[in-house]
Structures are given as C-alpha cells and as structure tokens.
Amino acid sequence: MNCPIKTQKNKEWLLEYSAGRLDNERAARVARHLAMCPECARFVEAQRGVWQALSQWEPEPVSADFDRRLYSRIESQPATWLDRLFRPLQPLWHAAIPVAAACLLIVASVVLHTPQAPQVTVEKIEAEQVERTLDDMQMLRELALTPKPEGSTSKSM
Amino acid sequence: MGASAALDYDAELMLRVKDGDEASFGLLLDKYRAPVSHFLYRMVQDQAVSEELAQEVFLRVYKSRETYEPAAKFTTWLFRIATHLALNWLRDEKNERAQERLDQSTEDGPTREVPDRAPSVEQEMVAEVKVAEVRRAVAALPDKQRAAVLMQKYEEMEYSQIAKVLSCSESAVKSLLFRAYETLRVRLAHMA
C-alpha cells in the first residue's frame, strides 16, 4: 500500500480505520502500512483522539411534549380546498385507479370499433354542396347568355 | 441507518403516509425524532432552537407527503431537509447573540447524567469542560464542514449519502471532512 498522506490517495481509509469502520481486508493493509509509516501512525492516533472526544458529546434528550407540539402544529395547518375536497376519497384512490383504467379501455375499444360514419356524412355533404354550387354557376351563366328584354338597364345584373 | 432494507421500509412507510395512513407517519416520527433532533442540536447548539427546527423538519415531511416520490433514500431526503433548515438558521442567526447563548449555556451547561458510577463533582466538572471544548471546536467549523462531520460521526452516513444531502460530489465531501478533521485534530489534540 502506498502512503495515503504522501500520495493523497485513499486518505479516507485512514479516517475510516481510525473510526473502526474499514472492512477487514483494507484494515489489514492499513495496519501493515502504519507499522512502517510514523506519519500515518501519528495521523491515526490523533484522529482517534478526535473521534473519542466527539463521542463524549451526548445530546440532550428530546422534550417529552415534542410529539404533542408537532401534531398540534400539523392540525393547525390550513387545509387547501382541494385537500378538504379529496381527503375523504383518498382511501378509495387505489381502488379507483383500476376501475378508471378499465373504463378507459372500454371507451377506447368502442371508439376504435365504431364505423367511421361521421366522415362519410361530411364527405357526402361536401359533394352535395359542390354539386349545388356548380348548378348555381350554370344557372348564372345561362342567365347571362339570355338576351336582355328591350328597355331594361344594365343595372339589373 | 444505511441498510437498504431499512431504506425500503422507510420509503414504504412514507408512501403509506402519502396514501393517508397517519399511523405510518407516527412510526417514522418514532424512528427519526431523536436522530434528527440530535443532529440539529449539534448543528445549532441550542436546545430550544434545535427542537423548533426538528418540528419544522417533520412538519415539512408531513406537508410534502402528497408529492413524495422515493427517488432517494428516505434518510437522505430527511437529513437534506434538516441540513437545509440548520444552514439557513445558522446563516440568519450567526451573530453575537448566538455566540453569547453558546457561552452562557456552556457555563450553566446541562448536567450530564452518569448514574452508574456516581462520579465526583470534580470528575463531572472535567467531563463538562471537555464536552464544552468539543462543542466549541465543532461550532468553530464552517457550517458545511460541521454538517458533514456530524453526519459521518453520529449518523454513520456514507460519503455518497452525505454528498446527496449537501448537494455536492463525493470528492467534495471527502475534502470537506479532511479539512474539518484537520482543524479538530489541532483543536482537540490536548484531549487525546
């Protein structure tokens, strides 16, 4: 093993070794290195001192009324109108999802298997309109070719 | 804390909370009330403030239940909220008043319970002085270094998890920790 301090590689192994958190294989490699590297040995010794010092720092116990205060805060939270609306239905959501999916499938299959009548109707209507328009144009042409009666003005057309 | 089985169970509990199961929220609260409160206490070093922040953490967890997605470990998410709140508080409150409170609580400090061995008054005083030194040394660390040390030492988090909590790379976490421990080794050398 190369010196972690000199090479700056695997330096975290020294930290973890000091804390007793390194796996057996790596711990053995570090131990062998420490036996011949005074610098790393000093590092590990000092780091163990830090860990021991930190271990002496016990936190205060959590207040006995922590939960009561928390739930009181939760209850005092204003619920949104959506929340109020859907909250009673929430337990049903899991059941509702497969039902909704089944309904969607049924609707989709009905739509897919329905003959495309509306399109035919549209096409038929369009054809009738074209036919009527052509008739009208024909009629206008015929009117234009009809000799005008005497005395009539050009304003009539 | 880091076992994947525990992760799945916590995430599962949170998903049940999402579905409206209040009892599962109670289970998560039972499990993480102390770790979160203790982490925050060591971060801000003020009992009242740390409990207030811990309440805020669990309140946010509860309020976020409907949008919760188990994208990361539950503890990563939880400590991310806790760290975010602590760093914000430290940023906002880092002033003379906070330092005064720290000094005062060190002098009048809480009595540690050591019931078994019934230590002498002198032993208790020595222990309190040592703890006060540790607290000062930790408090003097930059905020992110402090968070990283506390998560590694007391919550036994992996580098990768700390990185996710602090939103940085693993190598950045290693760098933070090395600098932090370097400072602590100097400050606490006489206690070894």
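In what follows, chains are A, B, ... by sequence order, proteins preceding strands, each numbered from 1.
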- Task: Measure A137(B) against the heavy atoms of chain A and call it side chain, backbone, both or neither at under 4.5 Å.
- Result: neither
- When rounded to the nearest 0.5 angstrom, what is the spacing between NZ in K11(A) and CG in L177(B)? 11.5 Å
- Task: Counting only heavy atoms closer than 4.5 Å, note whether L54(A) contacts chain B via side chain, backbone, both or neither.
- Result: both
- Mind checking whether Y181(B) and W51(A) have side chains closer than 4.5 Å, heavy atoms only? yes
- Query: Any side-chain heavy-atom pair from L70(A) and F25(B) closer than 4.5 angstrom?
  - Reply: yes
- Item | Test item: Q47(A) side-chain N/O and R185(B) main-chain N/O as donor-acceptor pair under 3.5 Å | no
- Query: Are E52(B) and R73(A) within salt-bridge range, i.e. N to O under 4.0 Å?
  - Reply: yes
- Message: Test your reading of the model: is there a side-chain donor-acceptor pair from R21(A) to the backbone of E156(B), 3.5 Å cut-off?
- Response: no
- Task: Determine whether I5(A) and L34(A) fall in the same hydrophobic cluster, where Ile, Leu, Val, Met, Phe, Trp and Tyr are linked whenever their side-chain heavy atoms lie under 4.5 Å apart.
- Result: yes
- Query: For V138(B), is it the side chain, the backbone, both, or neither that has a heavy atom closer than 4.5 Å to a heavy atom of chain A?
  - Reply: side chain
- Item | Parallel, tilted or perpendicular: rings of F66(A) and F58(B) (30°, 60°) | perpendicular
- Where on A53(A) is there a heavy atom nearer than 4.5 Å to chain B: the side chain, the backbone, both, or neither? both
- Note on the structure: Under 4.5 Å to a heavy atom of chain A? For L29(B) that would be side chain
- Should we count CG of D65(A) as having more than 12 external heavy atoms under 6.0 Å? yes
- How many angstroms lie between atom CD of E60(A) and atom OG of S50(B), to the nearest 0.5 angstrom? 9.0 Å
- Measure the shortest side-chain to side-chain distance between L59(B) and Q77(A) over non-hydrogen atoms and say whether it is less than 4.5 angstrom. yes
- Evaluation steps, side chain to side chain contact (heavy atoms under 4.5 Å, CB included), between F178(B) and E12(A): CA-CA 8 Å; F178(B) 268 99; E12(A) 69 272 17; 4.3 Å; yes
- Task: Identify which part of D21(B) has an atom lying under 4.5 Å from any heavy atom of chain A, answering side chain, backbone, both or neither.
- Result: neither
- Item | Heavy-atom pairs under 4.5 Å with chain A, option from K153(B), Q47(B), H38(B) with the top count | K153(B)
- Message: If you count heavy-atom pairs within less than 4.5 Å of chain A, which of E56(B), E182(B), K130(B), Q152(B) leads?
- Response: Q152(B)
- Is a side-chain N or O of E51(B) found less than 3.5 angstrom from the main chain of S63(A), in a donor-acceptor match? yes
- Atom group of Y71(A) that falls short of 4.5 Å from chain B, counting heavy atoms: side chain
